[in-house]
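The block underneath contains the structure these notes are about, expressed in structure tokens.
If you read the sequence from its start, that first residue is 1, and numbering goes on from there. Remember, predicted model here, so these are calculated numbers, not experimental data. Just so it is clear, the values below take in all heavy atoms, side chains as well, and ignore hydrogens, waters and symmetry mates.
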Amino acid sequence: MTNGTMAVKTYVQQYAPVPTALDALPQPPAGFTGREDDLAYILGVLDPDRTDGPAVAVLSGWGGVGKTTLAYASGHAAQERGWYTGVLLVDLHGYDPYPAQAEDALEALLRSLGVRPEHLPPPGAGREALYRSQLNARQEAGERLLVVADNASAVAQVQPLLPPGHHGMLVTSRHRLTGLGRMRTVNSLQPEDAVALLEAALKNNDPDDVRVEQEPEAAERVASACGYLPLALQITAALLAQDPGQPLTERADALGDAEGILDGLSDGERSLRTMFDQSLERLTPQEQDLFRLLSLNPGPDIATPAATVLADQPQAATERLLARLAASHLIERTPAARGRWQMHDLLRAYAHEQAEAARGRGRAPNRRYDQARGRLIDYYVQRAEAADTHLDPPGSPASSWFQDRPQALAWFDAERENLIALALDHTSPRTGLDLGFALGSYLRWRRRLQDLVVVRARALHVCQTLQDTSNEAGAWSNLGIALGELRRFDEAVRAHQTALDLFQRSGDTHGAATAWNNLGTAYRGMGRFDEAVAAGRRAVEMLSAVQDWFLTGEAWGEVAETLSAAGAPPSQVREAWEQSATAYTRADADEEAAASRTRADAVEAPEGHPPVETQPPSDGMSLPENG
């Protein structure tokens, strides 16, 4: 307030630029490639001989994916075929602070059609009617125009611009604008096309730039770090052009820094972060919050129930928010699995950046994100432990969270990458231990042995870090089994000997028995048959003493396998299999008992039937996976 008078601020709003001609469609930038399928689809929609609907195509996808470039290329291709005599282009600025309104776009299009300013009707139905009449007149004169409405953010911006008759239209948007025409989602480029774009953009600046040819592997790394997004690749090419002496390896290393990747994708005029900011600002507060929370998921995609845990609200409400995020192309539905959602790597980096900013720092940080991550970790651990109960020996208690073993295995299959990423997360050591135990049987069942070794080694490291002596022996034992399954027998023997020593020191007879059995299995792999048989018989003796008949059956089976591999008399091999069958029978494990009897019979009749396996191939005996 000045001199008793309220100061008045004046805002000047800029609308979409006015097209000046019917041939104002820009050429695609250098390096346009890899869009053959998209082009074919769009041209199929724009073909004037089509009779199954209006020639309207809506291209949607996240910011920077190349929608506008594809629209330009499609428009030129349609004109080259003689389908359209001219193009009307209008930028709706849908993600700017002040998007163009439909009446402003209509004014721009009418001026392009030659309507003098004094003849323009006021905003409203009259302006739309004049637009349609102008296009109808062009059609009667033998003209067919293509309207390109770029950068729309809402159906209301576009609906009044739909051309009548045989004219065509292309719309680009970061949202799925349903109800306008045929929709096409524009995705990132294929890796080889991304490298080709990078090379073409560099050579457009300097025909003698041969960095892509000289460093093909580094070029692939650059393209990958750019997420195969055309805008990110164009920005990177511009930065490389500004520094012609920079090797691609150096640029790839800089972009590979996950903490600052978005900083490396700005050339002063164009910025991927700015584009993502514009998309985020169009969301409701609830949608923004869930977008940020999704970055807390450890793996590449997330199921709706897990997202519901993050959001801490009813599943139906979470599903609606997820669908709206997908409509904005900030997340995508996982193609191969219903009810799962994924996020582009660069968007994930952006979401993580946003979450860190929302979490805040200082004396009163926002604990909501730490609490949400804690809920998600608990969800994964509890479900993994529940699913693991269905992989235990027959007769063991099974969690009611899963109906049966196939459902438990299917859940593990879907969540494997999330669970392994969480198990290896150094910020949650206890989680690494819990998941290390819970994942063991599943990874052996699916024969994902490299993953198994990594997870087992991590669990052992956590035990040692936390000085968890009660679980360390079991962790050594489990690591030894995994190493044996990869035929790394020397390492397996050392692991089992360490486990045996720890079990004996603590007086754990049951654990020591399993360690003897596993040691025998590793010795057999090395061809040390006498030591293997001796270790196996020691395991049988100790397991029988504690009346663990199921594991006794397994141990006798290992002895039988060793005797057979060592060329022992058939009577000894047969007796060991019969002992295995007897132990399994005492454990009420009928299928395993039948399999052992079949093996015993096969010793007398070498051409007999092979055993029926009801468990994954065994290379050792695991302790109960809770340590």
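Two residues are said to be in side-chain contact when any heavy atoms from C-beta on lie closer than 4.5 Å; Q313 and L321 meet this criterion. Taking the side chain as every heavy atom from C-beta outward, R430 and V462 never approach each other to under 4.5 Å. In this structure, R446 and Y442 have side chains that are in contact, with non-hydrogen atoms separated by less than 4.5 Å. Proximity of L265 to S271: side-chain heavy atoms (C-beta onward) are nowhere separated by under 4.5 Å. With contacts defined as side-chain heavy-atom distances shorter than 4.5 Å, the pair L419/F412 qualifies. Inter-residue side-chain proximity for R182 and V56 is flagged as unmet; no heavy-atom pair is nearer than 4.5 Å. Between D206 and P244, the closest side-chain pair of non-hydrogen atoms is not below 4.5 Å. In this structure, Q190 and T33 have side chains that are not in contact, with every pair of non-hydrogen atoms separated by 4.5 Å or more.
Nearest heavy-atom pair, P99 versus G94, reported as atom, atom and distance to 0.1 Å: CG-O, 3.7 Å. Minimum heavy-atom separation, L376 to A306: CD1-O, 3.7 Å. Contact between A372 and L310 at its shortest, heavy atoms only, is O-CD2, 3.7 Å. When all heavy atoms of W341 and A326 are compared, the pair lying nearest together is CZ3-CB, 3.9 Å. In terms of heavy atoms, L233 sits closest to A194 at CD1-CB, 3.6 Å. Of all heavy-atom pairs spanning Y84 and G168, the tightest one is CE2-N, 3.5 Å.
Without hydrogens or angle criteria, N478 side chain to G474 main chain gives a donor-acceptor distance under 3.5 Å. Side-chain atoms of E385 never come within 3.5 Å of backbone atoms of A438 as a donor-acceptor pair (strictly under, hydrogens ignored). Here the side chain of S295 pairs no donor or acceptor atom with the backbone of F291 at under 3.5 angstrom. For S328 (side chain) and L330 (main-chain N/O), no donor-acceptor pair under 3.5 Å exists by modelled atom type. In this structure, S224 contributes its side chain and E220 its backbone to no donor-acceptor pair below 3.5 Å. Side chain of D96 to main chain of Y98: no donor-acceptor pair is present (N/O by atom type, distance under 3.5 Å, no hydrogens or angles). When atom types are taken as modelled, the side chain of T304 and the backbone of G339 share a donor-acceptor pair closer than 3.5 angstrom. Looking at R292, its side chain never comes within 3.5 Å of a backbone N or O of A351 through a donor-acceptor pair. A donor-acceptor pair under 3.5 Å links the side-chain atoms of T284 to the main chain of E287, judged by distance alone. A donor-acceptor pair is defined here as one N or O able to donate and one able to accept, closer than 3.5 Å; no such pair exists between the side chain of K203 and the backbone of D208.
Rounding to the nearest 0.5 Å places CD of E472 at 10.0 Å from OG1 of T465. Summarising the geometry, atom CG belonging to L43 is positioned 8.5 Å from atom CG belonging to D47; distances are rounded to the nearest 0.5 Å. Rounded to the nearest 0.5 Å, atoms OG (S428) and CG (L433) are 12.5 Å apart. Summarising the geometry, atom CD1 belonging to I331 is positioned 11.5 Å from atom CZ belonging to R324; distances are rounded to the nearest 0.5 Å. Atom-to-atom distance recorded for L443:CG and E485:CD is 10.0 Å, nearest 0.5 angstrom. A distance of 9.5 Å separates OG in S266 from CG in L272, rounded to the nearest 0.5 Å.
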*Can you check salt bridge (Lys or Arg N to Asp or Glu O under 4.0 Å) on D301 and R340, steps first, answer last?*
CA-CA 7 Å; D301 67 351; R340 298 191 69 86; 3.0 Å; yes
*Decide side chain to side chain contact (heavy atoms under 4.5 Å, CB included) for L240 and R211; before the verdict, give the C-alpha distance in whole Å, the side-chain angles of both, and the deciding distance to 0.1 Å.*
CA-CA 10 Å; L240 286 165; R211 282 178 283 185; 3.7 Å; yes
*Where do L231 and M275 land on the side chain to side chain contact (heavy atoms under 4.5 Å, CB included) test, with the steps shown first?*
CA-CA 10 Å; L231 176 62; M275 188 161 287; 3.7 Å; yes
_Verdict with reasoning, V453 to R488, per side chain to side chain contact (heavy atoms under 4.5 Å, CB included)_ = CA-CA 11 Å; V453 168; R488 292 162 59 177; 4.2 Å; yes
*For the pair R35 and S74, evaluate side-chain hydrogen bond (donor to acceptor under 3.5 Å, both in side chains) and give the outcome as yes or no after the intermediate values.*
CA-CA 10 Å; R35 297 299 191 190; S74 302; over 6 Å; no
*Derivation and outcome, salt bridge (Lys or Arg N to Asp or Glu O under 4.0 Å), residues R373 and D425*: CA-CA 13 Å; R373 188 172 187 275; D425 186 348; 2.3 Å; yes
*asked:* Quick one, S153 with Q157, criterion side-chain hydrogen bond (donor to acceptor under 3.5 Å, both in side chains). Give me CA distance, side-chain angles, the key distance, then yes/no.
replied: CA-CA 7 Å; S153 60; Q157 279 184 300; 3.2 Å; yes
*Step by step, would you call H175 with S60 a side-chain hydrogen bond (donor to acceptor under 3.5 Å, both in side chains)?*
CA-CA 6 Å; H175 285 73; S60 65; over 6 Å; no
*Can you list the steps and then say if L59 with V171 is a side chain to side chain contact (heavy atoms under 4.5 Å, CB included)?*
CA-CA 6 Å; L59 313 182; V171 182; over 6 Å; no
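Side-chain contact check for Q286 and D289: no donor-acceptor pair (N or O, by modelled atom type) lies under 3.5 Å.
Between Y380 and W411, the ring planes are tilted. Angles from 30° to 60° get that label.
Judged by the 6.0 Å and 45° rule, R174 forms a cation-pi pair with Y95.
With respect to M169, the side chain to side chain contact (heavy atoms under 4.5 Å, CB included) criterion is satisfied by exactly one of V148, V158, L88: V158. A ring-ring contact (aromatic ring centres under 6.0 Å, His included) with H344 is found for exactly one of Y350, W62, Y228, namely W62.
For D243, the CG atom counts as densely surrounded, since its 6.0 Å shell holds more than 12 non-hydrogen atoms of other residues, nucleotides or ligands. Open room surrounds CD on Q450; 12 or fewer heavy atoms of other groups in view lie less than 6.0 Å from it.
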